[in-house]
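These numbers come from the heavy atoms of this one structure, side chains and all, not from hydrogens, waters or symmetry mates. Here is the naming used below: chain letters follow the sequence lines, and residue numbers restart at 1 for every chain. Keep in mind it's a predicted model, so treat the numbers as computed, not measured.
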2 protein chains.
Amino acid sequence: MENKRRPGRTRSTEVGEVRTLERGLHLLEALSEAETLSLSELARRTELSPSTAYRLLETLRKRGFADWDEDRGLWKVGLRAYQVGSAFLTRGGLVDAAMPEMEKLVDELNETVNLAVLDGNEAVYIAQVEGRQLIRMFTRIGARAPLYCTGVGKALLMGHSEAETRRMLGAGPFRAFTDKTLTSPEAFLSAIGEAQKRGFALDNEEREEGVRCIAAPVRDNRGKVVASMSLSAPASRVPDERLDGLGQRVRRAADAVSARLGWAG
Amino acid sequence: MENKRRPGRTRSTEVGEVRTLERGLHLLEALSEAETLSLSELARRTELSPSTAYRLLETLRKRGFADWDEDRGLWKVGLRAYQVGSAFLTRGGLVDAAMPEMEKLVDELNETVNLAVLDGNEAVYIAQVEGRQLIRMFTRIGARAPLYCTGVGKALLMGHSEAETRRMLGAGPFRAFTDKTLTSPEAFLSAIGEAQKRGFALDNEEREEGVRCIAAPVRDNRGKVVASMSLSAPASRVPDERLDGLGQRVRRAADAVSARLGWAG
DNA sequence: ACAGATTTTGCGTGTATTGAAAAATACCCG
DNA sequence: CGGGTATTTTTCAATACACGCAAAATCTGT
């Protein structure tokens, strides 16, 4: 869907194409992709003349977006590019990267899908796409939830060591929201273990009677778990037979987001 | 040295400075720094005419380096910038070398650990492993901090000569964040001297009331200080009696990273 | 020391970029 | 609704600026 809510776009002249800037960005991309990065090699890949590539790179370097390894005579991506790029996640970029997949999930399965991140030792919901079913979920954007009794919480901890997980959970016993709530660290850790084997986590009416959630972790470019995506539905619509299929589907969606963020794993 | 100056109001371009690219990069930086980012606001900050800023941003958007939030009418950093920037980490390998040690530290001591490098005359945080304590630290990846009042800053300067250190600090007096902040170059240099003797640097509530940091330098294969690692914690958890023990521990971690980078020293 | 390849610099040319201003659009408030 | 204001896109002519050529430095291997 393109943004066609600008009726004034009558002309077909492609506006906003500044060649010099495009070339510079292209160089940056080439820098981030390749391994061996001499000036001549870069010029070849970007199809620029050496002198042009040189001047652009020099500009990138002066701004810190590129670095010049004097010993090896090779170029690489600079600190400034990293700084600017890392603003992406904190400026709502994570949500942008995830929304398309979340919407796909909802289109397909017609259940509410949430995205959550870790904050302190709680999960915080940062995005939601509602299913069209009439039953309303309890979570809202910005809401917080404990880790031990939610799908997103479990998925968020799937990347962490047992020691870390224990620390974040605290000693227990945890408050039981329902009679299915896991109230001991041991029970939780065992659930996490299963989740890791399966690739997705489960909240089996542990927070709210009659609500099941299926969640999977989202990883950044280095493989660190930065968020988790969950599908929430009345237990009646998530019978045991469908569990595995739904789980795989949620996991695929989460993996797609991870891939977008540069996770190769 | 300016040998020939052009008549008129325009600044002549130095060697290897491509104005159009510089402007585009400047826009990216502005995008990464601020929160609310309308076109007009961006144009103001970068001192560009709205039409120029618009065209450059449009180019950035087409390449995915910037995003346009249609509903709010605001610009933000794009996914592509994130992908390109994250190549910085895989290139140097510094973070990869440091992360395991940082995680070990956090496992053991349960406090937040940061990794920073020198950029210009500031420290820039490039990696972080959070402790699980409830108290949250203020630093984020990509954030900048002065050298004179931080542990990482001091540790980064531990490898430099007094002359260099003075040059990077500037004349002083420095801004006092707390009443413990060292505001003169002399006081700072004396602190560095002590740090060199001990092998680790200390920020004793100099930046933030109630927060102590212990930091040690990381050296590359040639012994040059390329980064510093610090542990940050509420002062109450770093009493004087524990200072030396913690300092030695942080130093061991930093040395382990240095060893990984090939430093034999 | 020599040849060959690569990186920097200088310079004239042509055009891609620019800012003003206008047009289109969103926003505000009675 | 409707007119006024702020913001955004588009147009357009002038020229500052980026371009590529070619030559000069610099590096690399034998």
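Atom P of nucleotide D/dC19 and atom NE2 of A/His26 are separated by 14 Å, given to the nearest angstrom. With rounding to whole Å, A/Glu58 atom CD is found 18 Å from D/dC17 atom C1'. Taking atom CZ of A/Arg19 as the reference point, atom C1' of C/dT15 lies 8 Å away to the nearest angstrom. D/dA18 atom P lies 9 Å from atom CG of B/Leu21, rounded to whole Å. Summarising the geometry, the separation between CG on B/Leu42 and P on D/dT8 is reported as 9 Å, rounded to the nearest angstrom. Taking atom CD of B/Glu17 as the reference point, atom P of D/dC19 lies 14 Å away to the nearest angstrom. In this entry the distance linking CG of A/Leu56 with P of D/dC17 reads 16 Å, nearest Å. Residue A/Leu57 contributes atom CG, which lies 15 Å from atom C1' of D/dC19 at whole-angstrom precision.
Listed nucleotides C/dT17, C/dG10, C/dG19 differ in distance to A/Arg55; the shortest reach to its side chain belongs to C/dG10. In the set D/dG20, C/dG19, D/dC19, the nucleotide with an atom closest to the side chain of A/Ser49 is D/dG20.
Taking the charged nitrogens against the carboxylate oxygens, A/Arg19 and A/Glu22 have no contact shorter than 4.0 Å, which rules out a salt bridge. Salt-bridge formation is not detected for the pair A/Glu58/A/Arg55: no Lys NZ or Arg NE/NH1/NH2 atom is positioned less than 4.0 Å from an Asp or Glu carboxylate oxygen. A salt bridge links A/Asp96 with B/Lys76: the closest approach of a Lys/Arg side-chain nitrogen to an acidic carboxylate oxygen falls below 4.0 angstrom. A salt bridge links B/Arg166 to B/Glu162: one of the charged nitrogens lies within less than 4.0 Å of a carboxylate oxygen.
Checking the phosphate oxygens (OP1, OP2) of D/dG20, a side-chain nitrogen or oxygen of A/Thr52 falls inside 4.0 Å.
At the heavy-atom level, A/Ser51 lies under 4.0 Å from base atoms of the strands shown. Using a 4.0 Å heavy-atom cutoff across all strands shown, A/Arg23 reaches sugar-phosphate atoms only and no base atom.
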Check the interface with nucleotides 3-7 of chain C: list each N/O to N/O pair with the protein under 3.5 Å, or write none.
residue	atom	partner	partner atom	Å
C/dT7	OP1	A/Leu39	N	3.1
C/dT7	OP2	A/Ser40	N	2.9
C/dT7	OP2	A/Ser40	OG	3.1

Nucleotide N/O to protein N/O under 3.5 Å, stretch nucleotides 23-30 of chain D:
none

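Partners of B/Phe174 under the ring-ring contact (aromatic ring centres under 6.0 Å, His included) rule, at least two apart in sequence or in another chain, are B/Tyr148. For B/Phe188, there are no ring-ring contact (aromatic ring centres under 6.0 Å, His included) partners two or more places apart in sequence or in a different chain. B/Arg167 pairs by the side chain to side chain donor-acceptor pair (under 3.5 Å) definition with nothing, not counting sequence neighbours.
Two residues are said to be in side-chain contact when any heavy atoms from C-beta on lie closer than 4.5 Å; B/Leu57 and B/Trp68 fail this criterion.
Mapping B/Arg72 and B/Leu48 onto DNA chain C via the closest heavy atom, the residue that lands nearer the 5' end is B/Leu48.
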For residues 257-264 of chain B, dump all side-chain donor-acceptor pairs below 3.5 Å to protein atoms at least two apart in sequence or in another chain.
residue	atom	partner	partner atom	Å
B/Ser258	OG	B/Arg219	N	2.8
B/Ser258	OG	B/Ala254	O	3.1
B/Arg260	NE	B/Ala97	O	3.4

